[in-house]
Amino acid sequence: MWFVFALLSSVFAAFTSILAKMGIEGVNSNLATAIRTVVVVLMAWLIVFLTGAQTGFSDISKKSWIFLILSGIATGLSWICYYKALQIGEASKVVPVDKLSIVLTVILAFLILHEQFTIKKLIGILLITAGTFVMIL
């Protein structure tokens with residue numbers, strides 16, 4: 001089931017990039033990011049309340065709060081940089097570079113989370129990196 005959600009995430013991310021590029025013309029990239037953020041926040045809370053997940057709010061540990069807040073800060077910084085890049089660059093070049101986060105995530109998962117690093121992952125990282133540079137040249 002994780003694969004279905006990951007695939008849907010990929011589809012929505014693709015539309016996010018195209019729709020953002022279409023909407024950012026003539027709009028300050030920071031303002032565009034703020035508008036997007038408000039929409040995301042409203043959607044997230046709507047889903048929380050529709051699924052009854054708000055009852056677990058008090059069960060969140062201090063450690064989880066810290067890492068969720070740090071993740072939110074990283075997300076905000078990522079979106080600000082992404083929208084600025086989309087505003088001044090071509091979507092077909094910005095998006096592949098943005099997806100280098102896959103490579104960084106695998107490396108960080110190995111270094112920080114101590115996930116297994118295999119030759120298959122190394123080959124994948126090298127292919128993604130090479131493919132990204134082929135696309136942006």
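This is a predicted model, so every value here is computed, not measured.
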Notebook entry, point to check: At what distance, to the nearest 0.5 angstrom, does CG of Leu86 lie from CD1 of Ile18?
Noted result: 8.5 Å
Note to self: Please report the interatomic distance CG(Asn28) to CD1(Ile35), rounded to the nearest 0.5 Å.
What the structure shows: 9.5 Å
Next item on the list: Identify the two heavy atoms, one from Val48 and one from Gln54, that lie closest to each other, and give their separation to 0.1 Å.
Entry: O-OE1, 3.2 Å
Item checked: From OG (Ser9) to CH2 (Trp2), nearest 0.5 Å -> 12.0 Å
Item checked: Evaluation steps, side-chain contact (heavy atoms from CB on, under 4.5 Å), between Val95 and Met135 -> CA-CA 10 Å; Val95 174; Met135 291 179 73; over 6 Å; no
Next item on the list: Heavy atoms only: give me the nearest Ala91-Pro96 pair and the separation to one decimal.
Entry: O-CD, 3.9 Å
Checklist line | Heavy-atom closest pair, residues Gln87 and Lys21 | finding: O-NZ, 3.9 Å
Next item on the list: State the CH2-CG distance between Trp45 and Leu50, to the nearest 0.5 angstrom.
Entry: 13.0 Å
Notebook entry, point to check: Can you name the nearest heavy-atom pair linking Lys99 to Ala13, along with the distance?
Noted result: NZ-CB, 4.2 Å
Under 3.5 Å donor-acceptor pairs involving side-chain atoms of residues 69-83, not counting sequence neighbours:
residue : atom : partner : partner atom : Å
Thr75   : OG1  : Ser71   : O            : 2.9
Tyr82   : OH   : Ser17   : OG           : 2.3

Item checked: More than 12 heavy atoms of other groups within 6.0 Å of Glu25 CD -> no
What donor-acceptor contacts under 3.5 angstrom involve side-chain atoms of residues 100-128, with partners at least two apart or in another chain?
residue : atom : partner : partner atom : Å
Ser101  : OG   : Asp98   : O            : 3.2
Thr105  : OG1  : Ser101  : O            : 2.6
Thr118  : OG1  : Lys120  : N            : 3.4
Thr118  : OG1  : Lys121  : N            : 3.2
Lys121  : NZ   : Gln116  : O            : 2.7

